[in-house]
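Notes for the one structure printed next.
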There are 2 protein chains.
Amino acid sequence: MSQRQIPEASVARLPLYLRALIDRAEAGVESMSSGELAAAAGVNSAKIRKDLSYLGSYGTRGVGYDVEYLIAQISRELGLTQDWSTVLVGAGNLGQALANYGGFADRGFRIAAILDADPAKVGMTVAGVEVFHQDQAERIIREEDVAIAILAVPGDAAQEVADRLVEAGVTSILNFAPAVIQVPEGVSLRKVDLSIELQILAYYEQRRLVSDDLANGAVRRHLDGLPD
Amino acid sequence: MSQRQIPEASVARLPLYLRALIDRAEAGVESMSSGELAAAAGVNSAKIRKDLSYLGSYGTRGVGYDVEYLIAQISRELGLTQDWSTVLVGAGNLGQALANYGGFADRGFRIAAILDADPAKVGMTVAGVEVFHQDQAERIIREEDVAIAILAVPGDAAQEVADRLVEAGVTSILNFAPAVIQVPEGVSLRKVDLSIELQILAYYEQRRLVSDDLANGAVRRHLDGLPD
DNA sequence: CCGTGTGAAATTATTCACAGCC
DNA sequence: GGCTGTGAATAATTTCACACGG
């Protein structure tokens with residue numbers, strides 16, 4: 001199988017495999033089995049094989065996968081053989097941290113400009129990138145051929161900013177703002193919500209506490225010789 | 001239905017509903033239908049009703065859900081009626097941005113301490129929280145009864161730091177480090193990976209470009225009177 | 001032999017559609 | 001009449017298990 005429409009869940013894992021592969025390649029590893037890759041990526045091996053089968057038959061039976069070759073195939077599939085221009089919108093705390101985060105540039109995502117609504121921030125340089133006023137969005141997106149925007153604005157500004165970005169030609173948005181935003185059909189949207197992740201953890205944390213209590217209760221009953 | 005084991009996918013959406021509800025409550029809204037809540041949270045209404053049904057029957061047929069009451073129920077379910085102490089590990093760019101991010105404290109997640117391996121950072125105060133040396137982890141986690149750790153260290157340090165945190169008693173980790181980490185059974189782990197999200201977007205962005213090309217090709221063939 | 005690639009089975013998640021109640 | 005709550009239907013995802021090829 002070599003032709004298309006990779007399941008979304010599978011696409012979302014490919015970058016993980018890619019990172020594991022690059023990591024092992026740098027350590028000099030030339031070949032990996034699905035089991036080794038699974039361990040490095042934190043998933044199980046059946047999933048690895050199934051996911052990779054959507055890309056094609058790039059493994060060798062009885063042997064495994066050639067690391068460099070697989071890196072090339074996944075990179076191509078993910079569209080990482082080209083560089084992408086992005087704009088980062090929002091030069092506050094989070095925006096600045098994102099600008100300083102090296103992981104974007106490493107993977108071919110160039111921040112062409114940082115945009116902010118606050119005139120006081122305009123002209124600053126963050127991680128070597130100039131901050132422009134949001135009014136310049138249309139021009140910069142056009143001139144720099146920006147397809148992807150990273151949104152790090154306050155929640156209540158997010159929808160409005162997203163609308164303008166889409167209007168200006170952006171077709172993918174990575175939203176860090178703590179707000180639900182709507183985008184038109186045909187525009188991709190992913191969100192990263194810092195506090196939501198913590199809240200999910202709190203749920204499981206609480207369950208752990210509750211079941212500990214129950215277990216303690218059970219132990220106590222047992223020690224007391226009472227029926228369960 | 002009121003008794004337990006809410007599907008994971010559903011748990012992951014509850015914080016989203018909660019935020020939408022709080023937002024509307026602040027705007028003075030007292031009641032919402034599943035359709036209204038769906039619009040505010042960016043999902044469909046069947047999902048809302050199904051998800052909420054796992055918590056219990058808290059709506060009123062023909063009317064909708066009482067906003068305040070539902071906020072209370074979801075908060076209780078998620079374990080947000082209590083405050084949680086956390087430690088933030090890593091006082092670099094990202095760590096500082098996270099410390100400055102108000103969204104944690106707002107939702108009852110108190111950062112008890114920031115930990116860093118770099119002695120030069122020890123003693124600093126970030127967002128009103130003191131930075132301690134990582135050697136203090138065990139003491140702080142014990143004294144402050146910390147169950148949740150936020151990991152914002154370099155990728156190559158992540159596993160080692162996670163091991164120490166678990167050893168010290170942490171039972172939930174939110175990992176921002178760009179690395180796969182393993183935790184023992186019984187410890188919760190969620191990860192937020194900034195560059196992986198961009199890579200996922202790149203995949204769909206590329207497909208858009210490719211299909212545009214194909215469409216242009218089709219148009220060209222059509223205009224040229226050639227067969228498809 | 002060993003590990004991939006993949007149908008088939010099992011599980012999980014989403015959506016439908018409507019009875020039931022306010 | 002309108003909206004919830006929920007079984008039943010559908011879709012997506014994960015896992016199993018093994019034939020196949022190097």
Side-chain angles (χ1 to χ4, degrees), chain A residues 1-17 20-21 24 29-71 73-74 77 190 200 203-204, chain B residues 1-17 20-21 24 29-74 77 200 203-204:
Chain A
M1 175 180 310
S2 183
Q3 277 335 99
R4 286 311 112 50
Q5 201 56 293
I6 303 177
E8 190 173 323
S10 192
V11 170
R13 282 186 296 264
L14 292 178
L16 205 62
Y17 303 162
L21 286 163
R24 305 317 291 139
V29 174
E30 294 185 356
S31 174
M32 291 179 85
S33 68
S34 61
E36 291 166 330
L37 184 49
V43 303
N44 71 44
S45 64
K47 207 178 270 178
I48 296 269
R49 291 199 302 280
K50 181 64 94 178
D51 286 343
L52 294 182
S53 79
Y54 295 123
L55 311 187
S57 293
Y58 297 140
T60 306
R61 293 173 193 233
V63 179
Y65 301 90
D66 181 90
V67 172
E68 285 298 343
Y69 186 64
L70 195 51
I71 288 172
Q73 295 306 324
I74 295 178
E77 194 68 34
R190 294 191 66 90
I200 296 168
Y203 171 79
Y204 293 104
Chain B
M1 175 181 308
S2 184
Q3 276 335 100
R4 283 314 110 52
Q5 202 56 298
I6 302 177
E8 191 173 322
S10 192
V11 170
R13 284 187 295 265
L14 292 177
L16 205 63
Y17 304 162
L21 287 162
R24 305 317 292 140
V29 174
E30 294 184 356
S31 174
M32 292 178 86
S33 68
S34 61
E36 291 167 329
L37 184 48
V43 302
N44 72 44
S45 64
K47 207 178 271 179
I48 295 269
R49 290 199 302 280
K50 181 65 91 177
D51 286 345
L52 294 182
S53 78
Y54 295 122
L55 310 187
S57 293
Y58 297 139
T60 307
R61 292 170 195 236
V63 180
Y65 301 89
D66 181 89
V67 172
E68 287 297 345
Y69 186 64
L70 195 50
I71 288 173
Q73 295 307 323
I74 295 178
E77 195 68 35
I200 296 168
Y203 172 80
Y204 292 104

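Chain letters run A, B, ... following the sequence lines, proteins first and then strands; every chain starts at 1. Keep in mind that what you see is a predicted model, and the values were worked out from it rather than measured.
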Determine: side-chain N/O of [X] to OP1/OP2 of [N], distance under 4.0 Å, yes or no.
X	N	answer
B/Y65	D/dG5	yes
B/N44	C/dT15	yes
B/K47	C/dT15	yes

What's touching nucleotides 18-20 of chain C from the protein side, N or O pairs under 3.5 Å?
{"unit_1": "C/dG20", "atom_1": "N3", "unit_2": "B/R61", "atom_2": "NH1", "d": "3.2"}

Rounded off to whole Å, could you give me the [atom1]-to-[atom2] distance for the [X] and [N] pair?
X	N	atom1	atom2	value
A/Q73	C/dT4	CD	P	16 Å
B/K50	C/dT12	NZ	P	15 Å
A/Y54	C/dT6	OH	P	10 Å
A/Q5	D/dT13	CD	P	10 Å
B/D51	D/dG5	CG	C1'	13 Å
A/E36	C/dT4	CD	C1'	13 Å
A/M32	C/dG3	CE	C1'	14 Å
B/Y58	D/dT6	OH	P	12 Å

Consider the side chain of [X], meaning its heavy atoms from C-beta on, and name the nucleotide among [options] that approaches it most closely.
X	options	value
B/S57	C/dT14, D/dT6, C/dG5	D/dT6
B/P7	D/dT6, D/dT13, C/dA13	C/dA13
B/S33	D/dT14, C/dA13, D/dC3	D/dC3
A/S34	D/dA8, C/dT6, C/dT4	C/dT4

Which pair of non-hydrogen atoms, one from [X] and one from [Y], has the smallest distance, and what is that distance?
X	Y	value
B/V63	B/S31	CG1-OG, 4.1 Å
B/I200	A/A12	CD1-CA, 3.7 Å
A/E77	B/Y203	O-CD1, 3.2 Å

Quick check for you: to the nearest 0.5 Å, what is the distance between [X] atom [atom1] and [Y] atom [atom2]?
X	Y	atom1	atom2	value
A/I74	A/Y65	CD1	OH	9.5 Å
B/R13	B/K47	CZ	NZ	5.0 Å
A/L55	A/I6	CG	CD1	5.0 Å
B/R24	B/L70	CZ	CG	14.5 Å
A/E36	A/L21	CD	CG	11.0 Å

| Full working for side chain to side chain contact (heavy atoms under 4.5 Å, CB included) between A/Y58 and A/L52 | CA-CA 8 Å; A/Y58 297 140; A/L52 294 182; over 6 Å; no

| request: Check whether the side chains of A/S10 and A/D51 place a donor and an acceptor atom closer than 3.5 Å, and report yes or no. | output: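 Distance-only check passes for A/S10 and A/D51.
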
| First encountered from the 5' end of DNA chain D, between A/T60 and A/A9 |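 Taking each residue's closest nucleotide, the earlier one in sequence belongs to A/A9.
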
| field | Terminal axis angle for the helix from C/dC1-D/dG22 to C/dC22-D/dG1, five pairs an end, nearest 10 degrees | value |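 So the angle between the two local helix axes works out to 10°.
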
